[in-house]
Amino acid sequence: MGQGTEYGLVDREGADTPGDEWEEIDVSDTEADRIARERDREFDQFQERIKDADQFKVEQSVFDDATFAALYKLVQDGYVEAFGGPLSTGKEANVYHALGDDREVAVKIYRINASNFRQMRDYLEGDPRFEGLGGKKKDVVLAWTRKELANLERAKAAGVRVPEPIAAERNVLVMEYIGNEDGRAKRLGEVHIENPRTAYEVMREYMRRLYSAGLIHGDLSEYNVVFDEGQLVIIDLGQAVTVHHPNSRDFLERDCRNVVSFFSRQGLDVTEADLLEFVTSPEPDPSRD
């Protein structure tokens, strides 16, 4: 990081910051499911092109017809024009570099047969946005995708720097690409921090803004924060829960523990108790439930 970097905060003046209300999240069949059922020659040709592309060959076994249909629908709608290579691969999702209408985007594809399916349910159960969600793997993964989109929208409105959410179709999420011509933005744990105190103050302010908007990240650490053009950017909000989740306090305390552990290794004298107090004061306004 360059000398004098200030890890600037997003200006929240005039932001339409949500309170502790929550969004309705629909996990019923989407247009992609209809396309998969009523497949035509154009869709079949698109599916074959994607399957033959080098960056997707290894993933053929985990993409069902409806996942290809979701990609097809996003291309038809103009959110994606061309696919690039993988940015990251994981047990639950892969993220690909792509070209959107007028900019680079990231395309996150969640696996329907995610290996940590039960862990996903732990974050969804108790979240009032998902009451009545069934036990089908497909429904859980689709809900997770819609949840990440909603969480990104809420975080952005609260003045937290996150990848801008663009669109979601079934188990595919399109969002802002965070990086440059040299590749994806580096995670906080991958770079040398010139000013740990400033970076810590930005992190705790972001945590406080999330909490004031009724959200807790739930997996915050130096691996889910990247550095881009003088700002810290929080990523991977799929597991973020509302403050009403029965395990929300445990998740928040774990986030505080991870953040304090990282910045303590950078030489700062910080404590979990002080960070927790800062994040939770003021508390979300209960009148906005």
Side-chain angles (χ1 to χ4, degrees), residues 22-53 55-83 86 89-96 98-101 105-121 123-125 127-154 163-175 236-240:
W22 46 79
E23 309 82 358
E24 291 185 9
I25 296 182
D26 184 7
V27 296
S28 58
D29 280 3
T30 70
E31 180 67 9
D33 293 282
R34 185 195 66 77
I35 291 173
R37 287 192 298 268
E38 303 172 8
R39 53 193 307 162
D40 56 19
R41 186 176 66 177
E42 186 175 343
F43 169 63
D44 286 340
Q45 291 174 342
F46 171 84
Q47 186 173 7
E48 287 305 311
R49 287 199 305 273
I50 293 294
K51 282 185 175 181
D52 289 341
Q55 66 267 39
F56 287 102
K57 281 181 179 178
V58 70
E59 300 300 331
Q60 288 184 31
S61 63
V62 298
F63 288 178
D64 60 8
D65 285 349
T67 299
F68 286 112
L71 294 170
Y72 178 69
K73 179 68 165 53
L74 290 164
V75 170
Q76 281 189 320
D77 291 344
Y79 295 115
V80 178
E81 292 187 354
F83 290 97
T89 58
K91 292 181 179 179
E92 67 183 31
N94 284 5
V95 183
Y96 295 91
L99 180 64
D101 183 27
V105 298
V107 179
K108 190 171 190 175
I109 304 176
Y110 279 101
R111 292 177 170 85
I112 295 299
N113 293 317
S115 60
N116 55 352
F117 166 76
R118 287 186 176 85
Q119 183 179 353
M120 284 183 169
R121 285 207 61 89
Y123 284 98
L124 292 174
E125 289 177 348
D127 190 319
R129 296 174 293 181
F130 300 95
E131 291 179 358
L133 182 67
K136 294 181 180 179
K137 273 190 176 182
K138 186 197 84 168
D139 289 346
V140 171
V141 175
L142 267 58
W144 192 269
T145 308
R146 302 300 304 184
K147 178 173 182 258
E148 181 158 18
L149 178 72
N151 288 342
L152 287 169
E153 290 172 340
R154 185 185 290 204
E164 179 186 348
I166 297 173
E169 183 66 44
R170 203 173 182 269
N171 57 318
V172 181
L173 173 64
V174 181
M175 55 191 162
D236 292 337
L237 272 79
Q239 75 291 318

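The chain is numbered in sequence order, starting from 1.
- With hydrogens and angles disregarded, a donor-acceptor distance shorter than 3.5 Å links the side chain of D33 to the backbone of T30.
- In this structure, the side chains of N94 and P86 stay at 4.5 Å or more apart for every pair of heavy atoms.
- Separation of atoms NZ (K147) and CG (L152) is listed at 11.0 Å; rounding is to 0.5 Å.
- Using a 4.5 Å cut-off on side-chain heavy atoms (C-beta onward), V107 and V95 make no contact.
- L173 has its side chain out of reach of W144: every pair of non-hydrogen atoms, C-beta onward, lies at least 4.5 Å apart.
- Taking E31 as the reference, R34, I35, K73, E169 meet the side chain to side chain contact (heavy atoms under 4.5 Å, CB included) condition, with sequence neighbours excluded.
- A donor-acceptor pair under 3.5 Å is formed between the side chain of N151 and the backbone N or O of L237.
- The CZ atom of F46 sits 8.5 Å away from atom CZ of F68, with the distance rounded to the nearest 0.5 Å.
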- [ ] Go through V105 and M175 one step at a time and tell me if the side chain to side chain contact (heavy atoms under 4.5 Å, CB included) criterion holds.
- [x] CA-CA 6 Å; V105 298; M175 55 191 162; over 6 Å; no

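- A distance of 9.0 Å separates CD1 of I166 from OH of Y79, quoted to the nearest 0.5 Å.
- To the nearest 0.5 Å, atoms CD (Q239) and CG (L124) are separated by 10.5 Å.
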Task: Check against side chain to side chain contact (heavy atoms under 4.5 Å, CB included), V174 and V80 - done: CA-CA 8 Å; V174 181; V80 178; 4.1 Å; yes

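- We find that D236 and K108 are joined by a salt bridge, their nearest charged nitrogen and carboxylate oxygen being less than 4.0 Å apart.
- The pair R146-D26 fails the salt-bridge criterion, with no side-chain N (NZ, NE, NH1 or NH2) lying under 4.0 Å from an Asp/Glu carboxylate O.
- A donor-acceptor distance shorter than 3.5 angstrom exists from the side chain of N171 to the backbone of Y110, with no hydrogens or angles considered.
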Open item on the list: Checking R170 against T145 for the side chain to side chain contact (heavy atoms under 4.5 Å, CB included) test, could you report, in this order, the C-alpha distance in whole Å, the side-chain angles of both residues, the deciding distance, and whether it holds?
Closed with: CA-CA 7 Å; R170 203 173 182 269; T145 308; over 6 Å; no

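- When the ring-ring contact (aromatic ring centres under 6.0 Å, His included) test is applied to F43, the partners found at least two apart in sequence or on another chain are Y72.
- Ion pairing between D29 and K138 holds under the 4.0 Å rule for side-chain N and carboxylate O.
- Rounded to the nearest 0.5 Å, atoms CG (D65) and CZ (R39) are 4.5 Å apart.
- Between A66 and A32, the shortest heavy-atom distance links the atoms O-CB, 3.9 Å.
- Shown here is Y123, whose OH atom has more than 12 heavy atoms of other residues, nucleotides or ligands within 6.0 Å.
- V172 places a side-chain heavy atom less than 4.5 Å from the side chain of L71.
- Between Y96 atom OH and I109 atom CD1 the span is 5.5 Å, to the nearest 0.5 Å.
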Open item on the list: Could you go through M120 and V141, starting from their C-alpha distance and side-chain angles, then the distance that decides it, and tell me whether this counts as side chain to side chain contact (heavy atoms under 4.5 Å, CB included)?
Closed with: CA-CA 8 Å; M120 284 183 169; V141 175; 4.2 Å; yes

